[in-house]
Amino acid sequence: MTIRKILTEPDPILRQKSQPVDKVDDEIRKLMDDMLETMYNAPGIGLAAIQVGVPKRIIVLDISKDPEKKEPMYFVNPEVVLTSKNDVTYEEGCLSVPGQFAEVDRPDSCIVKYLDYSGNYKELKAEGLLATCIQHEIDHLEGILFIDYLSKLKKSMIVKKLSKQKKELERIVV
Ligand code: GNR
Ligand code: NI
């Protein structure tokens with residue numbers, strides 16, 4: 001397993017729409033293993049393939065509170081088939097928007113269909129943090145970041161800050 005580099009805003013790759021996977025084979029499983037290791041290393045509770053620069057419809061999650069007890073979840077070609085009418089507000093963060101957090105409203109539960117690590121068809125009813133995370137990750141597959149839901153002013157302040165940080169880093173690295 002390999003830790004891959006996580007792309008950060010503003011990076012145009014993060015705005016690409018990811019393409020469906022046609023077969024869950026060993027190459028896809030290798031990618032999912034790398035994504036999981038990259039996510040644990042960050043650390044984060046979810047990761048979409050596009051965050052490591054791969055425009056495929058794949059997400060990994062682990063929302064278990066105990067870092068000793070790993071509960072990895074893999075979703076290939078995930079699709080929300082139903083969302084509840086009730087919204088819930090969570091303070092969201094994103095590994096591609098480092099150090100920035102903001103409240104976002106999303107449906108508090110949803111039903112998702114997807115292919116698992118073995119390529120088998122599954123359906124899952126997600127609630128609470130899991131529902132929020134799955135929706136956050138599926139947004140990545142459409143090129144959407146949580147900052148897109150904030151006011152223009154809040155979003156532009158965050159993007160400005162991140163651009164500045166990137167430029168400063170480049171100056172040090174190069
Ligand atoms: O690690 C993460 N935490 C998080 C917290 C609240 C809502 C969503 C998330 S997902 C994020 C990891 C990430 O960027 N996934 O795309
Ligand atoms: Ni994210």
Side-chain angles (χ1 to χ4, degrees), residues 1-21 28 31-80 83-84 86-110 112 114 117 124-151 154-155 157-159 161-163 165-166:
M1 287 201 272
T2 315
I3 293 167
R4 303 201 187 193
K5 186 171 165 266
I6 297 176
L7 305 179
T8 58
E9 172 79 354
D11 186 320
I13 294 174
L14 289 169
R15 299 309 188 167
Q16 277 184 25
K17 198 172 141 89
S18 296
Q19 298 305 311
V21 170
I28 294 295
L31 171 60
M32 292 198 280
D33 293 344
D34 285 357
M35 285 169 60
L36 201 72
E37 194 178 15
T38 304
M39 182 192 83
Y40 285 139
N41 177 257
I45 56 176
L47 194 75
I50 194 65
Q51 292 179 275
V52 293
V54 180
K56 292 186 193 298
R57 303 187 77 84
I58 301 170
I59 68 186
V60 295
L61 288 173
D62 189 335
I63 59 158
S64 79
K65 286 183 199 83
D66 184 353
E68 301 290 292
K69 289 199 198 83
K70 291 200 166 72
E71 288 169 25
M73 302 175 84
Y74 308 88
F75 301 83
V76 176
N77 299 341
E79 272 181 58
V80 172
T83 54
S84 87
N86 308 318
D87 280 4
V88 64
T89 308
Y90 263 100
E91 170 106 306
E92 295 198 16
C94 180
L95 295 172
S96 296
V97 188
Q100 307 300 317
F101 302 88
E103 289 190 337
V104 178
D105 294 341
R106 300 183 190 270
D108 68 357
S109 68
C110 58
V112 187
Y114 60 99
Y117 194 80
L124 173 76
K125 178 165 187 202
E127 291 173 319
L129 180 61
L130 182 60
T132 294
C133 278
I134 288 178
Q135 293 173 75
H136 172 116
E137 302 310 338
I138 291 178
D139 271 356
H140 276 300
L141 307 183
E142 298 300 319
I144 298 166
L145 299 174
F146 81 92
I147 53 172
D148 300 346
Y149 298 113
L150 309 180
S151 70
K154 270 192 194 165
K155 179 179 170 179
M157 280 178 7
I158 290 174
V159 176
K161 208 182 278 176
L162 294 173
S163 309
Q165 281 174 9
K166 267 193 172 176

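Atoms within each ligand, like the ligands themselves, are counted from 1 in listed order. None of the values given here were measured: they were computed from a predicted structure.
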Exercise. Report the member of E91, R106, H136 with the shortest heavy-atom distance to atom 8 (C) of ligand 1.
Key: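 Closest candidate by heavy-atom distance is H136.
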Practice problem: Pick, from I63, I50, I45, the option with the minimum heavy-atom distance to atom 4 (C) of ligand 1. | Solution: I45
Using only heavy-atom distances, determine whether the side chains of [X] and [Y] contain a donor-acceptor pair under 3.5 Å.
| X | Y | answer |
| --- | --- | --- |
| Q51 | S96 | yes |
| D62 | S64 | yes |
| D33 | Y117 | yes |

Nearest to [atom], what protein heavy atom do you find, and at what distance?
| atom | result |
| --- | --- |
| atom 14 (O) of ligand 1 | L95 N, 2.8 Å |
| atom 15 (N) of ligand 1 | E137 OE2, 2.6 Å |
| atom 13 (C) of ligand 1 | G46 O, 3.4 Å |

Exercise. Keeping the roles fixed (side chain from K5, backbone from G53), state whether a donor-acceptor pair exists under 3.5 Å.
Key: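 No: the side chain of K5 does not pair with the backbone of G53.
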Quiz item: So is there a nitrogen or oxygen of H140 less than 3.5 Å from a nitrogen or oxygen in ligand 1?
Solution: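 The answer is yes, given that H140 and ligand 1 share an N or O pair closer than 3.5 Å.
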Quiz item: Does E92 reach ligand 1 with a nitrogen or oxygen that is under 3.5 Å from one of the ligand's nitrogen or oxygen atoms?
Solution: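 N/O-N/O distance under 3.5 Å: no.
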If the cut-off is 4.0 Å to any non-hydrogen atom of [X], which atoms of ligand 1 fall inside it?
| X | answer |
| --- | --- |
| G93 | 4 (C), 5 (C), 6 (C), 8 (C), 9 (C), 10 (S), 11 (C) |
| C94 | 14 (O) |
| G44 | 1 (O) |

Just wondering, do [Y] and [X] contact through their side chains at under 4.5 Å, heavy atoms?
| X | Y | value |
| --- | --- | --- |
| L36 | M1 | no |
| V104 | H136 | no |
| P78 | I59 | yes |
| D34 | V52 | no |

Quiz prompt | Name of whichever N/O/S atom of H140 is nearest to the Ni ion (ligand 2) | solution =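 Looking at H140, the N, O or S atom with the least distance to the Ni ion (ligand 2) is NE2.
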